[in-house]
Amino acid sequence: MNIFRFVGDMSHLASFFLLLAKLIYTKSSTGVSLKTQALYLTVFVCRYLDLLVAFVSWYNELMKIFFIAASAYIVYVVATSTRNSNASDTYRVEFLVIPALVLACFVNETHWSKGGWSLNVMEILWAFSIYLEAVAVLPQLKMLHQLEDTTNITMHYMASLGIYRAFYLLNWVYRLYYEGYWHPIAVVAGIVQTLLYADFFILYYQSVLLRLPS
Amino acid sequence: AVAEEAKDEL
């Protein structure tokens, strides 16, 4: 594992702790999009089905289990939070889920001649999870743009997700150059996903960094 | 994995 991948993973891990800290210490899920969190849970469950059939490393196994468990817990907390009206969580997620599923059915890494039926369904779900992750942040972005008063911790949560994406891009450049490793589906979707965060970082700069005492 | 290379990323 190269340093870019590791920094990316740690930033991703940090994003979970930032969000959990926000939910637990402020006892409020205001400003957190339930839709985005439910999409992330869907992403992790669909992508990490390989936990059942393939072992890569303890690092991968534990991270995957943590990502599924933490996102399930976050969805539970936000969904049951009475203080959150969710009035501004208005993104139409069917416009994300359905195209991602259709695209995954046509553009995926299945090898029908080689794999069994269940393994190929897993490949379709893997591609679906990649496409869905690329756009899953959109409901949260829409909320951030609508809400005047977003807590800094929610913004730091988003920033750590953005850093995770950026370092994964560096990781892929590194792996392509030194290992010849390259999954076009993941790379193209990853570039799209990272570009979506560019919009967030402009907001982050304006609303968080410019407010810091100089 | 079915793919040419194992998916070892998260």
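Chain letters run A, B, ... following the sequence lines, proteins first, then strands; residues in each count from 1.
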> Should the heavy atoms of other residues, nucleotides or ligands under 6.0 Å from OH of A/Tyr205 be counted, would the total exceed 12?
Replying inline: no
>> Between A/Asn108 and chain B, with a heavy-atom cut-off of 4.5 Å, which part of the residue counts as in contact: side chain, backbone, both or neither?
In response: neither
> For A/Phe44, is it the side chain, the backbone, both or neither that has a heavy atom under 4.5 Å from a heavy atom of chain B?
Replying inline: neither
>> More than 12 heavy atoms of other residues, nucleotides or ligands under 6.0 Å from OH of A/Tyr25: yes or no?
In response: no
> Which answer fits A/Asp9, side chain, backbone, both or neither, if we ask what part of it has an atom under 4.5 Å from a heavy atom of chain B?
Replying inline: side chain
>> Can you confirm whether A/Phe16 is buried at CZ, in the sense that more than 12 heavy atoms of other residues, nucleotides or ligands lie under 6.0 Å from that atom?
In response: yes
>> If I compare all heavy atoms of B/Asp8 with all of A/Arg5, which pair ends up nearest, and what's the gap?
In response: O-NH1, 3.3 Å
> How far apart are the C-alpha atoms of B/Leu10 and A/His12, what are their side-chain angles, what is the distance that settles it, and do they pass the side-chain contact (heavy atoms from CB on, under 4.5 Å) test?
Replying inline: CA-CA 10 Å; B/Leu10 300 170; A/His12 199 182; 5.7 Å; no
> Are A/Arg47 and B/Glu9 close enough for a salt bridge, meaning some N to O gap below 4.0 Å?
Replying inline: no
>> Can you tell me if A/Tyr73 has over 12 outside heavy atoms packed within less than 6.0 Å of its OH?
In response: no
> Counting only heavy atoms not in A/Tyr59, do more than 12 sit closer than 6.0 Å to its OH atom?
Replying inline: yes
